[in-house]
Amino acid sequence: MKAIIYSLFGLLAVSAAFAADACYQDVSLDCGQASNALSLPRCNAIYGEYGRHGNVATEMQAYANLHLERSYEYLLSAAYFNNYQTNRAGFSKLFKKLSDDAWEKSIDLIKHVTMRGDEMNFSQRSTQKPVERKNYTVELHELESLAKALDSQKELAERAFYIHREATRNSQHLHDSEIAQYLEEEFIENQSKKIRELAGHTTDLKTFITANNGQDLSLALYLFDEYLQKTA
Amino acid sequence: MKVIIFAVAGLLALCAPAFGTQCHVNPVNIPKEWITMRRPCRDSMRRQIQMEVAASLQYLAMGAHFSKDSINRPGFAKLFFESGSEERQHAMKLIEYLLMRGELTSDVTSLIQIRPPERKTWGDAVEALEHALKMESDVTKSIRTVIAACEDDNEFNDYHLVDYLTGEFLDEQYKGQRDLAGKASTLKKMLDRHASLGEFIYDKKLLGIDI
Ligand SMILES: [Fe+2]
């Protein structure tokens, strides 16, 4: 009997799309039954078809994982610039900050995934083509490492655009303005600033390196590192 | 045509140092007598860093589990997310130490590998606390093997690193273990007769809410 009622409600739910009182129905059905267990399967945090259409839910998990990976990569870059040979405390600080930010964002994303009623999958990868990782190394010189940082920050920013698009106009059955708003406020806004900052750094280094027939190189790198120590 | 241009560019790039733009300062040589860490000690430190990283991810998985709507234990989630960040700090401290001793001029990239945490669900909060306690015991054991590797070297007893690991790391491990064991005991006693209410109350306690 119960099964029939459930399937009936199920049919109703599908046709309605907004199953506004699904949890209430579960409660009404289960309470007062002979069994002393309550399953209440529809009393959860899922709404707006989150995780049921498209790939927003899995892309959010993958986005958290991408931040985790980048966080530890930036940490290694920070370490490399802090060895006695490279000895660039400013560059190290820049990467340490990128690492801290990525770490905090990954925790925040995990919390957001679970806030929306999903669970976190640490193995989930994006369907988006990842940036080429073959022969990946953090042992790069100053300008190279800034270039890598700029590229990887753009990847993070473009991934946010992609998820935003999937959450809104790319999906017929899903318009998740909560995810869109979250991405805009917590990611997209700051990412543009960070990208501009890193691009600005490469502009400065570029001019220093070529100026004066390359004679300024070692002093320029030293001074730029001092500058990063104060501002990064 | 494009291929040819790329090939030429590649060739140019190869001989660039000869006449192209140099973007970096050439390495210099500094005396190395002061770099005294020995290989077995260094390798065990590297393994320890990887272990701290793995622990950080395992704690995040615990945080994620207790954040789920079907679990709803924000206090435990907070505790485990914070533990995850602490493990990351431990990895950073060990890296700082290696840098201070003149290490990590090469083989930096291979120092850390990110793997998904092994476990992702726990029956209840006691199970998670006991798992955390087990993890910390393993870390403590592992730090002791690092210490052994760094002081047993016939040619160089690394007193300073041994002191650092003993004083800072073991100290924190033992305090952390005591804390987890205490929490697990209190919770387990409450769960004995009032499983769901007990966990609920203790969760709010962890959030700093007195009810
Ligand atoms: Fe640790």
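This structure is a prediction, so every number in the text was calculated from the model and none was measured.
Heavy-atom distances place the side chain of Leu75(A), and not its backbone, under 4.5 Å from chain B. Residue Arg88(B) touches chain A through both its backbone and its side chain, counting heavy-atom pairs closer than 4.5 Å. Only the side chain of Thr210(A) comes within less than 4.5 Å of a heavy atom in chain B; its backbone stays farther off. Of the two parts of Lys120(B), neither the backbone nor the side chain holds a non-hydrogen atom closer than 4.5 Å to a non-hydrogen atom of chain A. Within the 4.5 angstrom heavy-atom criterion, atoms from both the backbone and the side chain of Thr105(B) approach chain A. Proximity to chain B is absent for every atom of Asn65(A), based on heavy atoms less than 4.5 angstrom apart. Proximity to chain A (any heavy atom under 4.5 Å) is restricted, for Glu103(B), to the backbone atoms N, CA, C and O.
Cation-pi contact between Lys111(A) and Phe81(B): present, with separation from the ring centre below 6.0 Å and deviation from the ring axis of at most 45°.
The side-chain heavy atoms of Gln22(B) and Leu217(A), taken from C-beta on, include a pair separated by under 4.5 Å. Side-chain contact between Tyr84(A) and Lys32(B) is present, with heavy atoms from C-beta onward closer than 4.5 Å. Looking at heavy atoms from C-beta onward, Leu60(B) lies in side-chain contact with Leu68(A) at the 4.5 angstrom threshold.
With a 6.0 Å radius and a threshold of 12 heavy atoms from other residues, nucleotides or ligands, Tyr222(A) has its OH atom at or below the threshold. Heavy-atom contacts from other residues, nucleotides or ligands closer than 6.0 Å to CG of Asn26(B) number more than 12. Counting heavy-atom neighbours within 6.0 Å of Lys194(A) NZ, excluding the residue itself, gives a total above 12. More than 12 heavy atoms of other shown residues, nucleotides or ligands fall within 6.0 angstrom of atom CD in Gln113(B). Remark: Lys93(B) NZ is packed, more than 12 non-hydrogen atoms of other residues, nucleotides or ligands lying under 6.0 Å away.
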Determine, stepwise, if the pair Glu96(B) / Asn82(A) fulfils side-chain contact (heavy atoms from CB on, under 4.5 Å). CA-CA 8 Å; Glu96(B) 284 303 314; Asn82(A) 214 9; 3.7 Å; yes
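Per-residue counts of heavy-atom pairs under 4.5 Å with chain A were compared for Leu111(B), Val53(B), Asp107(B), Ile95(B); the largest is that of Val53(B). Annotation: maximal heavy-atom pairing with chain B below 4.5 Å, among Glu104(A), Glu142(A), Glu139(A), occurs at Glu139(A). Note: Leu99(B) leads Leu57(B), Leu99(B), Leu98(B), Asn72(B) in heavy-atom pairs under 4.5 Å with chain A.
No side-chain donor-acceptor contact under 3.5 Å links Thr109(B) and Tyr80(A).
Annotation: the span from Glu119(A) atom CD to Asp69(B) atom CG amounts to 9.5 Å, rounded to 0.5 Å. Once rounded to the nearest 0.5 Å, the distance linking CG of Asp100(A) with OG of Ser85(B) reads 9.5 Å. The SG atom of Cys23(B) sits 4.5 Å away from the CD1 atom of Ile209(A) when rounded to the nearest 0.5 Å. Atom CD1 of Ile114(B) is separated from atom OG of Ser71(A) by 7.5 Å, given to the nearest 0.5 angstrom.
When atom types are taken as modelled, the side chain of Asn83(A) and the backbone of Leu104(B) share a donor-acceptor pair closer than 3.5 angstrom. Counting only distance, with no hydrogens or angles, the side chain of Ser123(A) and the backbone of Pro116(B) share no donor-acceptor pair below 3.5 Å.
In this structure, His24(B) and His141(A) have parallel ring planes: the angle between them is below the 30° cut-off, well short of the 60° mark.
Tyr72(A) approaches Ser56(B) most closely through the heavy-atom pair OH-OG, 2.7 Å.
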